[in-house]
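In what follows, a structure is listed as structure tokens, so that the remarks can point back to it.
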Amino acid sequence: MKIPIDSARLQKEIDQLSLISEQPAPVVTRVLFSEADLKGREFVKNLFRQADLAVREDAVGNIFARWEGQDKSLSPVATGSHIDAIPNAGKYDGVVGVLGAIEAIRGLQTSGFVPHRSIECIVFTAEEPTRFGLGCLGSRLLAGTLSGDKIAGLRDGNGHDLEFWRKRAGLPGGDVAAARMAENTYAGFVELHIEQGPVLEQRNVAIGIVERIAAPASLRLQLTGVGGHAGGVLMPGRRDALLAGAEIALEVEKAALTSGSPDTVATTGVFRIEPGAVNSVPCHATLEIDLRDTQLASRDAALKRIEAAAAEICRRRGIGLQLERLNVDAPAICDGALVQLVSGVCGELGLSSIKMISRAYHDTLFMARICPAIMIFIPCRGGVSHRPDEYSSPQQIADGVAVLAETLRRLAA
Ligand code: GLV
Ligand code: MN
Ligand code: MN
């Protein structure tokens, strides 16, 4: 059965959603629970309702849209991704997996398919770590991996906690931990996403079937030195927080370059200083460091090396150091039977495919802990992502949606 995919309609919706942004086009910025994020959520919820899906939201703002199956006693099949976007992002990261899922469901509806199992589309809260420094907030909670203390301790750059933002977003219920799902609530989870790397384009392949997701970790460092007048404080007496941070950032690079694993990547993506005046010695610095590897052992060795280097640098420079491990996650293994299923679907649809790893993390990292899970990747131009010039063509997206729709059809039949 050929499932009709309306690529023009989907592209129009991707373009419309991209205009709901905190910054002018082509920049997409939709930080969790910002005005733009809330408007984006409304946009998506309206599309769900237009497709006759039943919409509900949990206490942390994960959105669930259900196409009820004939046998309500069976566990549903789930799909979905995220619509939040880091500052200065593009329009496809996450969005393809949400709007693409809606198009897949509409295509299945048009084809006359009647699902036996329910199909549920999930829009996960805060896949991006921008607000609280912690990515995959919604899926972490679904998988029950966050302690009450960790949830209560989450703070954004202005000191606001999750409760503050939850209330502003008008979310129901108070017990965020109750979002946790029992294992195997879903019969399977399938996430469609752009690759965010160059492999598919370089190899001229339409579909990537993800077998593993690299293990991410991140650190937040608060460095406290002594500020003062840039003219008055002589060099030998200085305790400059920026300079300690700069040395640490170089150690971060070195830890990745010398880990012995080609897959170790480490980034100091946040480096804020205070007071931030040209004639004032920086008294405070905040660094956030992102570290990943496909192999846990080399990731963990690099992590320890960075932590030890930060302690030594701060001791030597007389700088106070507060170091917090924001997350230290294991890699995810996708479900072997789902890998085979998607591979078969690609073959039948006449689409080339390869099995691959995901170097970016995704909500699948956590969904894989509570149900069989798989990711479908499509190419993106130059492997570019987390930038406004991120691009996948309508045909590449339509191919991914076709694979998603057929996979959902088989799982829900
Ligand atoms: C997800 O956006 C990631 O940083 O991998
Ligand atoms: Mn992203
Ligand atoms: Mn993403």
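Below, all heavy atoms of this structure are taken into account, side chains as well, without hydrogens, waters or symmetry copies. Both counts, for ligands and for their atoms, begin at 1 and track the order of listing.
Heavy atoms of Arg359 found under 4.0 angstrom from ligand 1: none, in either backbone or side chain. By the criterion of a heavy-atom distance under 4.0 Å, the side chain of Glu128, and not its backbone, is placed next to ligand 1.
Put simply, the angle at the Mn ion (ligand 3) from NE2 in His82 to NE2 in His193 is close to 120°, to the nearest 10°.
Note on Glu324 versus Arg155: no salt bridge recorded, every NZ/NE/NH1/NH2 to OD/OE distance being 4.0 Å or above. A salt bridge links Glu406 with Arg410: the closest approach of a Lys/Arg side-chain nitrogen to an acidic carboxylate oxygen falls below 4.0 angstrom. Between Asp240 and Arg317 there is no salt bridge, since no side-chain N of the basic residue sits under 4.0 Å from a carboxylate O of the acidic one. Of the charged side-chain nitrogens involved, none lies within less than 4.0 Å of a carboxylate oxygen, so that Glu42 and Lys39 do not count as a salt-bridged pair.
Distance check for His362 against the Mn ion (ligand 3): none of its N/O/S atoms falls below 2.8 Å. Look at Asp93 and the Mn ion (ligand 3): an N/O/S atom of the residue is under 2.8 Å from the metal.
Aromatic rings of Phe33 and His160 (six-membered ring for Trp) have centroids beyond the 6.0 Å cut-off, not under it.
The closest approach of Glu128 to the Mn ion (ligand 2), by N/O/S atoms, is made by OE2. The atom of His386 nearest to the Mn ion (ligand 2) is NE2, with the search restricted to N, O or S atoms.
Not one N or O of Gln196 is nearer than 3.5 Å to an N or O of ligand 1, by distance alone. For ligand 1, the polar-atom distance check against Asp290 finds no nitrogen or oxygen pair separated by under 3.5 Å.
Under the 3.5 Å distance criterion, the side-chain polar atoms of Ser34 are left unmatched by any main-chain donor or acceptor of Arg30.
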